[in-house]
Amino acid sequence: MKKTIISITFAVALMVSCLAGFGLSINAAEPADISSAVVSATNSSYTYTGSAIEPSVTVKLTTTDEGGNPKTVTLVNNTDYKAVFSNNVNAGEGAITVTGVGAYKGSAKGTFTIAPKSLSDSNVKIRFTEKSKVGRAPSYTVTYNGMTLKKNRDYSVDFTKLDKAGYKTGRARFKGIGNYSGSSSEEFSVYPTIVKGIKVDKVQQNSISLSWNTKASEGVSGYKVYKADDANGKNAKLLATVKSPGATLSDVDSATVYRLFVIAYKTNNDHTVKSDFSAMTLTCTKPKKPTLNYVVKKKGNKIYANWTGVYNASGYQIKYAANRKLKNAKKTNAKGSRSGKNIKVADNGIAYFVKIRAYKTYTKNGKKVTVYGPWSVKMSSIFGRVYKSYTTNYPYNPNRTTNLKLACKAIDGTIVNPGATFSFNATVGKRTAAKGYKPATIFTGANSHADGIGGGVCQVATTMFNAALLSNFKIVERHQHSQKVTYAPTGRDSAIFWGSEDFKFKNTTKYPIKIRMFCNNGKLTCQFMVSYKIKPAKVSLNVARNGKNYTLTRTVGGKVNYTTRSNY
């Protein structure tokens, strides 16, 4: 047992001797004081990150050995000391406090610098989140490492060039504050403000005229007008591009509701910026003029109006009265796409005058709006229906055209009662210079021609002859020309000559016939009008040729009821 104690005592003595050889205290109860230690960060300066910065720390302690010589020792973190950081988030001077542990006691301090983050750094993101409009800066965000920077705390901003619209013409200058330094300049587009004051000045069948408040002070290049399917601008389609604040839209349909929007735009540097859509303007074009085909009597004190409908109309309004000026006229409507209507009258034995117009209805601001088109021509219930019509073409020749018009005027309005016979010569009379007839070409033989007073009126007779053929009237008198004519099929011409050749037909219907003659724009038309809703029998005309001989036959119901021959 004594031997063991002697061994331990020797070991301790040996260790103490060794420690003394290193010049260190052998008094374990007295830790060394580090208050004079030099504490420093690995780097003297860091850049603001938004998070706490805890740099690596170097702690150096200078002591003296037994010989009085200075000696510096670098302490070990977590073994010889513990480090605590403060003021280590924001830009400025960060603080380090180290406290001795183990063989050391006391504490020492050190500092390091946190420099502001430059706004020009690529990790600082400036994004415009809402577009700028003239006079108004854009909305934006400034972020760094997921943090959103706050205006007047982290930065200041100054916007310029907001008074005019343009692509990347606006300027924004951001300057760092506090934790941020430097500056960043950004470009952005300035958009025109919304167009206001849109008015519909005039609406026609195929045009809409608009005007609106000018945006000239915003430096815009012009305006664009769109139509869309709804109030939100769905399926917007460009209708017009104009320079000034107003437009007439011509590419529009009649009787159609249009939802219109206007934008202002500015083009520069081959780029265009546009304003948002204006508020919707709702309007409707007028329907076109319907064609009133006829007005006829019907049994039971009724008249019947028939017309040709127009595109997209909601219905039709009929005005009628027993006087030509439609004084104190009554009105009635026919809804939808109808093309005819019976109208009760006090006495259908007298003439009623009728005209018609189309209308379009739509809803605007919760209220029903009706837009009317123009009135049709006025027609009478007496001879208001076309029984049969035939048209020929005539060439431009002043003298000949004058003769055609004079003959048509003499015939127009003639009434041929049932069983009565119409005579061309008796109705027109002798063609003389005193009546205004001019010299024009007439045939003088099979191969000759000359100028004669009233030349060309044979075309009027020929046109009436073909209308009478198609009406299944009895042809009482007809003569051929000495030569073929160009304005009617061969064999279906009718020559007239005062004192020797006439054209006559007999009204074989049970109804009076009114003859209407029209001569204008190169077309000559003969119409037979009736007062009742009747149709002529179906007529078939055929011309057979045998050499110079031409035979015209008219067939009705499978039977030939008229034949005439010509030789040219």
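For the numbers below, each heavy atom of this structure counts, side chains included, while hydrogens, waters and symmetry mates do not.
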Centroid-to-centroid, [X] to [Y], below 6.0 Å?
| X | Y | result |
| --- | --- | --- |
| Phe261 | Phe277 | yes |
| Phe353 | Tyr320 | no |
| Phe422 | Phe505 | yes |

Answer yes if the side chains of [X] and [Y] hold a donor-acceptor pair under 3.5 Å, and no otherwise.
| X | Y | result |
| --- | --- | --- |
| Thr414 | Thr427 | no |
| Thr285 | Gln205 | no |
| Asn293 | Thr308 | yes |
| Asn269 | Lys168 | no |
| Ser254 | Asn206 | no |
| Thr193 | Lys215 | yes |

Do we get [X] above [Y]'s six-membered ring, with its NZ or CZ under 6.0 Å from the centre and within 45° of the axis?
| X | Y | value |
| --- | --- | --- |
| Lys298 | Tyr304 | yes |
| Lys224 | Tyr265 | yes |
| Lys131 | Tyr191 | yes |
| Arg545 | Tyr550 | no |

Review point. Take atom NZ in Lys341; do more than 12 heavy atoms of anything else shown fall under 6.0 Å from it?
Key: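 More than 12 heavy atoms, drawn from other residues, nucleotides or ligands, come within 6.0 Å of this atom.
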**Study point:** Full working for side-chain contact (heavy atoms from CB on, under 4.5 Å) between Lys319 and Trp375
**Key:** CA-CA 9 Å; Lys319 182 186 284 189; Trp375 288 104; 3.7 Å; yes
Check your understanding: With a 4.0 Å cut-off, would you call Arg478 and Asp493 a salt bridge?
Key ->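 Salt bridge between Arg478 and Asp493, a charged N being under 4.0 Å from a carboxylate O: yes.
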Exercise for review: Salt-bridge test for Glu218 and Lys133: reply yes if a basic N is under 4.0 Å from a carboxylate O, no otherwise.
Suggested key: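 Salt bridge flag = no for Lys133 with Glu218.
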Point to revise | Heavy-atom check, side chain of Lys196 versus side chain of Trp212, under 4.5 Å | key: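 A side-chain contact under 4.5 Å is absent here.
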Return the [atom1] to [atom2] distance between [X] and [Y], rounded to the nearest 0.5 Å.
| X | Y | atom1 | atom2 | answer |
| --- | --- | --- | --- | --- |
| Met280 | Asp230 | CE | CG | 8.5 Å |
| Arg385 | Met379 | CZ | CE | 10.5 Å |
| Asp502 | Phe497 | CG | CZ | 13.0 Å |

**Study point:** Passing candidate, side-chain contact (heavy atoms from CB on, under 4.5 Å) with Leu239, options Leu260, Leu210, Asp251, Ile208
**Key:**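 That would be Leu260.
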Review point. Given Thr553 and Thr551, is the side-chain contact (heavy atoms from CB on, under 4.5 Å) satisfied, shown in steps?
Key: CA-CA 7 Å; Thr553 57; Thr551 301; 4.2 Å; yes
